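Since the structure is predicted, the reported quantities are computational estimates derived from the model, not experimental observations.
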Amino acid sequence: MKKLMIILAICCTSIVIFSLNYQKQESKISIKFSHVVAENTPKGKMALRFKQLVEQRLGDQVQVDVFPNSQLFGDNKVLEAMLLGDVQIAAPTLSKFSRYTDKLQLYDLPFLFNDMAAAERFQQGIHGQQLLQTMNERGLVGLGYLHNGMKQLSANTPLKTPSDVAGKKFRIMSSDVLHEQFITLNGTPLKKQFSEVFTLLQTKAIDGCENPWSNIYSKKFHEVQDYITESNHGLVDYMVVTSSEFWQSLDPNIRNELKRAMDEAILYGNQVAKQKVISDRQAIIDSKRTTVIELSDEERQYWITAMIPVWKKFENDIGADLIQAAVSSNLVVDQNSNRGINNNASNHSCIKDDCNG
Ligand code: SIN
C-alpha cells in the first residue's frame, strides 16, 4: 500500500511539472519574422542573429521563428498580415512602403545618395529618424533601418547608355518612382513580386531588373542575365517594422530587451551588407556567367542626366526640403577645414544652387 502511495505521488508530481512546463511553452510570446530574400543576405543574416540574441536573453519567454524566401508572405501581403497579427516582424524594402506614405518615396529617387555611407548619415539624422515614424499612423512601428546595397541594372543586352533601356521590360518593386524612372528611359516597368523575378528572367517574360549585388547573387539572377551594369543608381534598404498593437501589448522589460536585440542584429546586418557588396560582386564576376559592365565617370554622368528629371515629378509629394536634406548627406565635413566636400566624382546632387559647399 505504501509503495502504491509513493508511485501515485510520483505520477501526480510528474503530471503537475509536465503541465506547468506545457503552460509555460503555450504562454510564450511568439514572433514570426517573415522576409523574402535568402538566408545568406544582410537581411537573412540579421533575422537569424535577432532570433539567436532573443533566444539567449529571453528564451523562456519569447520564441522567434524566421521565414525567409517568401515562405510565409510576399512583400505585398506582409504588412496586411502584420496588422492582422499573423506576422510580428518584417523588413520590406523602403520602396515597398511608398504606397502607404508619399514621403518614403524619397528613398527611390535615382542617384540621390552617392553611396551607402551617405544613406546612413541621412537615416541617422533628424529627417531619417522622422521618416522612420511615418508608418505610425498606419499602425506600424519602425524599429530601424537595415542596409543591403546600391542597385545595379541587368539585362540580356548590354546597358551602356540610357538609350539602351528603350523598348525593354524591367521588373520593378511596387513603387511609382521606380515606375517613372523606367518610363523616363523609355523602358517598360512591370511591378512584380521578388519571388517571381528569377522565373520571369529565365522565361524571358522580362528583359531585365535592378538589384543589389547580394540579391543578384543569392537568387542567381546573374545566371539568367548576360550583362550587369554597375550603375549604383539607387538604394535597396529596409525598414524593420512591427505592429503598434503587438509592440504595445508587450511587457516594457521584454519590449526593451527585444529592441536592444534588434539594434544589435541591425548593426551586424549592416556589417554583412558592407562585406557582401564586395564579396558577392566578386563571386558574380568569378562565376563567368555574366559580364559586369563598369561605367566611366563620363558614362555614369549620362545616366544621371537621363534619370534626374524624375526628381521634379515627385518633389511636391516628398517635399523639396526633405530632398535637399538627403542631398546634403552626400557632403562629408572635412574636420580640418570645416568645409563640406561632395565626394561623388560626378557631383550631380544639387537641386539648389548653393549646395556645393
Ligand atoms: C528584398 O531585398 O527584400 C527584395 C527586394 C526586391 O523586391 O527587389
Would you call [X] and [Y] a salt bridge, taking side-chain N to carboxylate O under 4.0 Å as the test?
X	Y	result
Arg281	Glu230	yes
Glu264	Arg57	yes
Asp164	Lys160	no
Arg99	Glu80	no

Taking the six-membered ring for Trp, are Phe122 and Phe113 parallel (under 30°), tilted (30 to 60°) or perpendicular (over 60°)?
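Phe122 vs Phe113 ring planes: tilted.
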For the residue pair Phe170 and Phe182, does the interplanar ring angle fall in the parallel (under 30°), tilted (30 to 60°) or perpendicular (over 60°) class?
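It falls in the parallel class, under 30°.
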Test Leu109 against Ile318 for side-chain contact (heavy atoms from CB on, under 4.5 Å), laying out the working first.
CA-CA 10 Å; Leu109 295 179; Ile318 297 170; 4.0 Å; yes
Which is it for Ser218 and Asn40 under the side-chain hydrogen bond (donor to acceptor under 3.5 Å, both in side chains) test, yes or no, and what are the steps along the way?
CA-CA 7 Å; Ser218 58; Asn40 189 22; over 6 Å; no
Test item: [X] and [Y] side chains (from C-beta on) under 4.5 Å apart, heavy atoms:
X	Y	value
Ile266	Asn270	yes
Leu131	Leu322	yes
Leu153	Ile228	no
Leu104	Met239	yes
Gln124	Gln129	yes
Pro42	Lys276	yes
Phe73	Leu79	no
Thr101	Met135	yes

Applying side-chain contact (heavy atoms from CB on, under 4.5 Å) to Gln225 and Asn156, what does each step give before you reach the verdict?
CA-CA 5 Å; Gln225 292 275 263; Asn156 281 326; 3.8 Å; yes
Partner set under side-chain hydrogen bond (donor to acceptor under 3.5 Å, both in side chains) for Asn69, not counting sequence neighbours:
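Expected list: Lys219.
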Would you compute the distance between atom [atom1] of [X] and atom [atom2] of [Y] and round it to the nearest 0.5 angstrom?
X	Y	atom1	atom2	value
Thr41	Tyr217	OG1	OH	13.0 Å
Lys32	Phe67	NZ	CZ	6.0 Å
Tyr100	Thr134	OH	OG1	12.5 Å
Ile323	Leu106	CD1	CG	6.5 Å
Lys274	Ser279	NZ	OG	14.0 Å
Lys51	Ile89	NZ	CD1	12.0 Å

Among Arg289, Gln282, Lys288, the one residue meeting side chain to side chain donor-acceptor pair (under 3.5 Å) with Asp286:
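By the side chain to side chain donor-acceptor pair (under 3.5 Å) criterion, Asp286 pairs with just one of Arg289, Gln282, Lys288: Gln282.
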Over 12 non-hydrogen atoms of neighbours within 6.0 angstrom of [atom1] in [X]:
X	atom1	answer
Glu245	CD	no
Glu298	CD	no
Leu84	CG	yes
Phe198	CZ	yes
Lys168	NZ	yes

When you look at Val292 and Trp213, which way does the side-chain contact (heavy atoms from CB on, under 4.5 Å) test go after all the steps?
CA-CA 11 Å; Val292 173; Trp213 292 114; 3.9 Å; yes
Looking only at side-chain N and O atoms, does [Y] offer a donor or acceptor that is under 3.5 Å from a partner on [X]?
X	Y	answer
Thr229	Ser231	no
Asp251	Gln61	no
Gln152	Asn232	yes
Ser214	Asp280	no

Is there a donor-acceptor contact under 3.5 Å from the side chain of Arg300 to the main chain of Leu295?
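Side chain of Arg300 to backbone of Leu295: no pair is present.
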So, using salt bridge (charged side-chain N to carboxylate O under 4.0 Å, His left out) as the criterion, who are the partners of Lys96 when residues are at least two apart?
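Counting only residues at least two positions away or on another chain, Lys96 forms a salt bridge (charged side-chain N to carboxylate O under 4.0 Å, His left out) with Asp75.
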[X] and [Y]: same hydrophobic cluster, using ILVMFWY side-chain contacts below 4.5 Å?
X	Y	result
Tyr302	Leu159	no
Met46	Val272	no
Ile172	Phe314	yes

Using the side-chain contact (heavy atoms from CB on, under 4.5 Å) rule, take Gln123 and Asp237 through it: C-alpha gap first, then chi angles, then the decisive distance, then the call.
CA-CA 11 Å; Gln123 289 172 346; Asp237 250 24; 2.9 Å; yes
